[in-house]
Each structure stands twice: as C-alpha cells, then as structure tokens.
Amino acid sequence: DAKTTQPNSMESNEEEPVHLPCNHSTISGTDYIHWYRQLPSQGPEYVIHGLTSNVNNRMASLAIAEDRKSSTLILHRATLRDAAVYYCILRDGQTSYDKVIFGPGTSLSVIP
Amino acid sequence: DAGVTQSPTHLIKTRGQQVTLRCSPISGHKSVSWYQQVLGQGPQFIFQYYEKEERGRGNFPDRFSARQFPNYSSELNVNALLLGDSALYLCASSWRLGGTEAFFGQGTRLTVV
C-alpha cells in the first residue's frame with residue numbers, strides 16, 4: 001500500500017506563506033496526490049489534488065517534484081482559519097479496488 | 001447543494017450491542033467510503049463501495065459490515081460493540097473510484113459504554 005510521510009507539526013505567522021511537505025517515495029504511476037485538511041470537530045475537507053503537473057485552486061497550490069516522490073502544499077497567505085491538520089494521501093486513479101491510507105498528518109498552527 | 005449527510009450525529013451504545021450508521025452521498029456521486037477516526041489519529045479506512053459493490057476493505061474485523069443501496073446511500077453496521085469502537089465514523093463520497101476528490105460528512109460520534 002502506498003504511504004506518505006509528513007512532519008507532525010508546523011507553525012506559521014498569520015499572512016505569511018506556508019509550505020507543507022509530503023514524501024511519497026513508493027508512489028506509482030497512476031497514483032494521484034491528494035491533500036485534505038481537518039478542523040477540530042469537523043470532517044476532513046478536500047483541498048487540492050494532482051498527478052504530475054503543479055496545480056492551483058482558490059484554496060492552495062500543489063507543487064509536485066519532477067520524480068513525483070514528494071510534493072508541497074502551499075498556502076499563499078496563512079489565516080487563523082487555516083489552522084488545522086493537513087493530510088497528504090495517495091489515490092490510485094485506475095484501480096477497481098481501492099484502499100485509502102491516511103497518516104497522522106501535519107498539525108498547522110497559525111500565530112496571530 | 002446538499003453535502004454528504006450522516007445520521008445520527010451522536011450515539012451512545014452499550015458493549016455488546018449493534019449499531020447502524022447511515023450516509024447519504026452528494027447527488028450524482030456513486031462511490032461511498034467509510035472511515036473510523038480515533039481522537040488524535042488520522043482517519044482509518046474501513047470500506048469503499050462503488051455502484052453497490054464493495055471495492056475496498058481496510059483491516060477491520062468481520063464485526064464491521066456495510067452496504068450500498070440503489071440510490072447510492074450507504075449503511076455501516078457494527079456488531080458486538082467493544083469499548084474500543086468508540087470513535088468518530090466518517091463517510092465520504094466521490095463520483096467515481098480512485099483519483100477524484102472525496103467529500104466528507106461531519107461524522108457520527110459513537111460512544112460505547
């Protein structure tokens with residue numbers, strides 16, 4: 001099963017950019033890189049996903065290494081509402097039988 | 001548009017009892033997944049269903065079972081409840097398997113006493 005590793009925690013000052021790293025050295029060619037975040041007492045929220053190219057949406061940017069063995073979620077200007085646990089997971093885009101593995105994620109603290 | 005809805009939101013059961021949790025996916029989504037989340041840990045995958053067929057199973061005992069109905073809603077059943085089954089149970093829906101984004105409900109908080 002494909003797995004990811006992330007730092008347990010990170011801190012950022014409000015209104016500064018945040019770079020959240022994720023390593024996935026065993027990624028396969030059909031695995032998509034997904035990021036979700038979870039605020040206290042809520043279900044996880046989809047943030048962004050990509051396969052090979054960098055991706056941007058209204059929430060964040062995803063930078064994927066050329067060898068795809070690592071990726072970085074970029075929050076351009078952290079706000080207090082971005083304080084959450086961020087999960088990086090892999091999902092096979094061509095499987096007919098799926099098994100999703102979440103790690104413990106990165107707990108992001110935003111300092112006012 | 002309605003998101004993923006789960007019921008009930010909270011539940012208290014006694015050891016040895018059985019429980020049924022329900023999930024309604026986003027309209028048009030054909031895949032539903034179930035997760036168990038213990039406090040302080042990431043979600044643990046239990047089951048995935050797509051087009052009413054099981055398409056993924058995590059490392060959970062046979063006390064856990066699920067099914068998906070023709071309208072794509074889903075139920076998770078847990079028999080012979082143990083204290084260790086106390087957790088937040090999350091349901092996620094997506095329009096197909098694999099690479100597409102999943103949308104999570106707010107979860108059902110199960111407490112076993």
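So that the names make sense, note that chain A is the first sequence line, chain B the second, and so on, each numbered from 1.
The number of heavy-atom neighbours closer than 6.0 Å to CG of Asn71(B), taken from other residues, nucleotides and ligands shown, is above 12. Residue-environment remark: CZ (Arg63(B)) exceeds the threshold of 12 foreign heavy atoms within 6.0 Å. For Lys69(A), the NZ atom counts as loosely surrounded, since its 6.0 Å shell holds 12 or fewer non-hydrogen atoms of other residues, nucleotides or ligands. Atom CG of Leu83(B) has more than 12 neighbouring heavy atoms from other residues, nucleotides or ligands inside a 6.0 Å radius. Within 6.0 Å of atom CD1 in Ile12(B), 12 or fewer heavy atoms from other residues, nucleotides or ligands are found, so the atom counts as exposed in its surroundings. For Asp67(A), the CG atom sits in a packed shell: over 12 heavy atoms of surrounding residues, nucleotides or ligands are nearer than 6.0 Å.
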Test log, rule side-chain contact (heavy atoms from CB on, under 4.5 Å), inputs Thr100(B) and Tyr32(A): CA-CA 8 Å; Thr100(B) 58; Tyr32(A) 283 76; over 6 Å; no
Steps toward side-chain contact (heavy atoms from CB on, under 4.5 Å) verdict (Tyr46(A), Phe104(B)): CA-CA 8 Å; Tyr46(A) 168 78; Phe104(B) 286 78; over 6 Å; no
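Contacts with chain A were tallied for Pro43(B), Gly58(B), Gly105(B), Gly107(B); Pro43(B) has the most, counting heavy-atom pairs under 4.5 Å.
With values rounded to the nearest 0.5 angstrom, Glu45(A) atom CD is found 12.5 Å from Glu101(B) atom CD. Taken to the nearest 0.5 Å, the CG atom of Leu90(B) stands 11.5 Å off from the CD atom of Gln42(A). With values rounded to the nearest 0.5 angstrom, Ser33(B) atom OG is found 5.5 Å from Arg91(A) atom CZ.
The contact between Glu54(B) and chain A is made by backbone and side chain atoms together, counting heavy-atom distances below 4.5 Å. Both the backbone and the side chain of Gln106(B) come within less than 4.5 Å of a heavy atom in chain A. For a residue to count as touching a neighbouring chain, one of its non-hydrogen atoms must lie under 4.5 Å from one of that chain's; by this rule Arg57(B) touches chain A with backbone and side chain alike. The parts of Pro44(A) that come within reach of chain B are both its backbone and its side chain, each placing non-hydrogen atoms under 4.5 angstrom from that chain. Only the side chain of Gln37(B) comes within less than 4.5 Å of a heavy atom of chain A; its backbone N, CA, C and O stay farther away.
Checking side-chain atoms of Tyr35(B) against main-chain N and O of Phe102(A) turns up no donor-acceptor pair under 3.5 Å.
Note on Val55(A) and Tyr86(A): same hydrophobic cluster, where clusters join Ile, Leu, Val, Met, Phe, Trp and Tyr whose side-chain heavy atoms are under 4.5 Å apart, directly or indirectly. Residues Phe60(B) and Tyr49(B) are members of one and the same hydrophobic cluster, defined by side-chain heavy-atom contacts under 4.5 angstrom among Ile, Leu, Val, Met, Phe, Trp and Tyr.
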